[in-house]
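Count residues from 1 along the sequence. Just so you know, these numbers use all the heavy atoms, side chains as well, and skip hydrogens, waters and symmetry mates.
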Amino acid sequence: MRIVAICGSPHGLRGNTGRLLDEVTAGVREEGGDVELFTLSGVTVKPCVGCDTCHIRGECPINDDFTDLRKALLASDAFIIASPNYIFSVTAQLKAFMDRCCGLIHCLALEGKYGAVVETSGGGGDDEVLDYLRRFVGSLGAYCVGGVGSPAAGPRTFPDEEALFARARELGRELCRSAKEKREFPEQEGARLAFAARMRGLVSHMREFWPYEYEYWQRLGKL
Ligand SMILES: Cc1cc2nc3c(=O)[nH]c(=O)nc-3n(C[C@H](O)[C@H](O)[C@H](O)COP(=O)(O)O)c2cc1C
């Protein structure tokens, strides 16, 4: 199983989020998965400029490392998205990446794949950020297997660390198993279908302006 992990912390893997992500990726490896790791501190993903080229031609004209991340995600079986809590949300680095995924979202291009989400904070609000990341995973068309988050207790340490790391490892194992077994998550089906209907409506409405996406949906026989 090929699992892509994307860490949105400016501290890369040396920070709190990287520490928690380490446990999740260890779980993936225990289950036999291969992890391809990207730290957004180590690559360049510039903000979206809203040119709509991804909708029109299926490619992004910004020349940076997003091309490699996109390719890796499309070739993956599953993926992990990790971020510290920055003001009730994710880091600007991760948000730039998420915005650049807009074309993938309109096409639900990661349908059939599985995601997991990871978050750390200084003082809480973890569920709010985890929920946001879960919605992002769903908007790409993927199932979200679960999430793990925690406030930090100091640099790269957490309260009740043993239990937290056990949950993080289990999340990694579950992600890998879900992809291997092609599991279904019936409780996510309603939201998935509702979002797909929204994207189908949007792409259909914009067919004159966004030929790539309209033709993508047509090729899938979904329009
Ligand atoms: C700009 C900035 C904004 C932050 N906003 C929040 C916040 O709203 N809530 C919170 O609990 N922690 C907040 N924090 C703390 C980080 O989420 C926390 O230290 C996190 O574990 C850092 O992860 P990292 O070491 O992987 O970068 C913020 C930190 C920074 C630098």
Side-chain angles (χ1 to χ4, degrees), residues 4-25 37-52 54 60 62 64-66 68-70 72-73 79-106 110 114-161 163-165 167-168 171-172 175 188 191 194-195 198-199:
V4 167
I6 298 173
C7 182
S9 166
H11 300 120
L13 289 185
R14 298 184 321 277
N16 301 331
T17 313
R19 178 68 194 92
L20 190 54
L21 177 61
D22 271 349
E23 295 296 327
V24 182
T25 54
L37 185 69
F38 294 91
T39 57
L40 295 182
S41 60
V43 298
T44 304
V45 176
K46 295 178 193 155
C48 173
V49 293
C51 65
D52 287 355
C54 56
C60 181
I62 301 175
D64 64 13
D65 296 314
F66 178 72
D68 292 338
L69 267 81
R70 182 181 184 276
L73 276 175
F79 58 96
I80 306 166
I81 308 287
S83 179
N85 178 342
Y86 270 21
I87 322 295
F88 318 122
S89 189
V90 297
T91 60
Q93 290 85 341
L94 185 64
K95 185 59 166 62
F97 165 77
M98 290 163 79
D99 291 347
R100 295 281 294 281
C101 288
C102 196
L104 296 176
I105 289 172
H106 283 188
L110 302 192
Y114 298 82
V117 297
V118 178
E119 179 265 6
T120 70
S121 65
D126 307 296
D127 287 343
E128 191 177 351
V129 180
L130 286 170
D131 281 348
Y132 178 57
L133 288 171
R134 278 193 192 95
R135 284 172 64 201
F136 173 63
V137 169
S139 72
L140 289 162
Y143 284 125
C144 189
V145 171
V148 65
S150 173
R156 290 173 64 83
T157 61
F158 300 90
D160 204 2
E161 196 165 276
L164 176 70
F165 286 175
R167 280 197 289 125
L171 177 61
L175 179 67
Q188 292 177 30
F195 190 75
R198 206 169 118 193
M199 290 303 106

Give, for atom [atom1] of [X] and atom [atom2] of [Y], the distance between the pair rounded to the nearest 0.5 Å.
| X | Y | atom1 | atom2 | result |
| --- | --- | --- | --- | --- |
| Asp127 | Glu119 | CG | CD | 8.5 Å |
| Thr120 | Asp126 | OG1 | CG | 8.0 Å |
| Leu130 | Ser150 | CG | OG | 10.0 Å |
| Ser9 | Leu21 | OG | CG | 10.0 Å |
| Glu161 | Phe158 | CD | CZ | 7.0 Å |
| Leu110 | Tyr143 | CG | OH | 14.0 Å |

Is any side-chain heavy atom of [X] closer than 4.5 Å to a side-chain heavy atom of [Y]?
| X | Y | answer |
| --- | --- | --- |
| Asp22 | Arg156 | yes |
| Val24 | Leu175 | no |
| Tyr86 | Leu94 | no |
| Phe136 | Val117 | no |
| Arg100 | Leu69 | no |
| Asn16 | Pro84 | no |

ask   = Do any N or O atoms from the side chain of Asp65 and from the backbone of Thr44 form a donor-acceptor pair under 3.5 angstrom?
value = yes
For [X] against [Y], the heavy-atom pair lying closest together:
| X | Y | answer |
| --- | --- | --- |
| Leu20 | Ala168 | CD1-CB, 3.9 Å |
| Pro151 | Gly122 | CB-O, 4.2 Å |
| Gly8 | Thr91 | O-OG1, 2.7 Å |
| Ser41 | Gly12 | OG-CA, 3.3 Å |
| Ile81 | Phe97 | CD1-CE2, 4.3 Å |

request  = Check Ile105, Leu140, Val90 against Met98 for a side chain to side chain contact (heavy atoms under 4.5 Å, CB included) and give me the one that passes.
outcome  = Val90
request  = Give a yes or no on whether a salt bridge exists between Asp99 and Lys95, defined as a side-chain N under 4.0 angstrom from a carboxylate O.
outcome  =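 A salt bridge is present here (some side-chain N lies under 4.0 Å from a carboxylate O).
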